[in-house]
Amino acid sequence: MTHQTDALRELFITGLVNAHAVEKQALAIMTPQVSRIEHYPEVADRLRAHIEETNAQIARLDEILGGFDTSSSTIKDLGLSMSGGMAALGHSVAGDEIVKNSFANYAFEHFEIAAYKSLLVLAEDGGFAPATPLLKQSLGEEEAMAAWIDEALPMVTRRYAKLYAEAGASKGKV
């Protein structure tokens, strides 16, 4: 192997480990949201489906990492999971939790999209072709989730505004 090839391999593995930790963070963000969604069943259903996709994405990343005789970083996974849980907790005290979570989820999906696109470039440039279909599958799932959030945001915002207005003076969590 050349120095360039070694460097690409190292970058690719680091990117895979980081993506694995980001997917763990995504689970820590989405899972508590589902249990608190009351007036938005379609959002809860889509989050449940994306949680399943995220678990599959983690398995695909594990498969790719296994091909390099390495694995994810427990420390990175734990650290990002904890920060994801804290982010979700921070929104849970807000009356407009559903709206804030929608913004955060939309941004997070785009972060994941960028990560998978970057990994695909490294896979192509480094000659790691076996990883490409797995990474493309995950990228497609992230793009579909971002598109769904984009399409659902007007509905979520309107429903939240209606429930907020109906709550009147109490202005509780809706």
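All values below come from the heavy atoms of this structure, side chains included, with hydrogens, waters and symmetry mates left out.
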Checklist entry - Got I64 and F68 here, is their nearest side-chain heavy-atom distance under 4.5 Å? => result yes
Checklist entry - So which pairs with a foot in residues 42-59 pass salt bridge (charged side-chain N to carboxylate O under 4.0 Å, His left out), sequence neighbours left out? => result E42-R159, D45-R48, R46-E53
Checklist outcome for this item: For Q33 and L47, the nearest pair of non-hydrogen atoms, with its separation, is OE1-CD1, 3.5 Å
Next on the checklist: Would you compute the distance between atom OG1 of T31 and atom CD1 of I51 and round it to the nearest 0.5 angstrom?
Outcome noted: 4.0 Å
Next on the checklist: Which heavy atom of Y40 sits nearest to which heavy atom of V156, and what is that distance?
Outcome noted: CE2-O, 3.9 Å
Checklist entry - Which heavy atom in L153 sits nearest to a heavy atom in S102, and how many Å separate them? => result CD1-CB, 3.7 Å
Next on the checklist: Checking H50 against E141: is there a side-chain donor and acceptor pair closer than 3.5 Å?
Outcome noted: no
Checklist entry - Going from CD1 on I98 to CZ on R36, what distance comes out if it is rounded to the nearest 0.5 angstrom? => result 9.5 Å
Checklist entry - Between D150 and A146, is there a donor-acceptor pair closer than 3.5 Å when you use the side chain of the first and the backbone of the second? => result no
Checklist entry - For the residue pair A44 and V34, what are the closest heavy atoms and their distance? => result O-CG2, 4.3 Å
Item to check | From CZ (R9) to OG1 (T14), nearest 0.5 Å | outcome: 10.5 Å
Next on the checklist: Between E142 and Q57, is the side-chain contact (heavy atoms from CB on, under 4.5 Å) condition met? List the steps.
Outcome noted: CA-CA 10 Å; E142 299 299 0; Q57 292 164 5; 2.6 Å; yes
For residues 110-135, please give each side-chain donor-acceptor pair under 3.5 Å, one per line with the distance, not counting sequence neighbours.
{"from": "H110", "atom 1": "ND1", "to": "Y106", "atom 2": "O", "distance (Å)": "2.9"}
{"from": "Y116", "atom 1": "OH", "to": "E23", "atom 2": "OE2", "distance (Å)": "2.7"}
{"from": "T132", "atom 1": "OG1", "to": "A129", "atom 2": "O", "distance (Å)": "3.4"}

Checklist entry - With a 4.5 Å limit on heavy-atom distance, are the side chains of E10 and D6 in contact? => result no
Next on the checklist: Can you tell me how far apart CD (E63) and CD1 (I58) are? Round to the nearest 0.5 Å.
Outcome noted: 14.0 Å
Next on the checklist: Can you give me the closest heavy-atom contact between W148 and V43, atom names plus distance?
Outcome noted: CH2-CA, 3.7 Å
Checklist entry - Roughly how far, to the nearest 0.5 Å, is the CG atom of N105 from the CE atom of M30? => result 7.5 Å
Checklist entry - How long is the gap from CG on L16 to CG on L65, to the nearest 0.5 Å? => result 5.0 Å
Item to check | For K136, salt bridge (Lys or Arg N to Asp or Glu O under 4.0 Å) partners two or more places apart | outcome: none
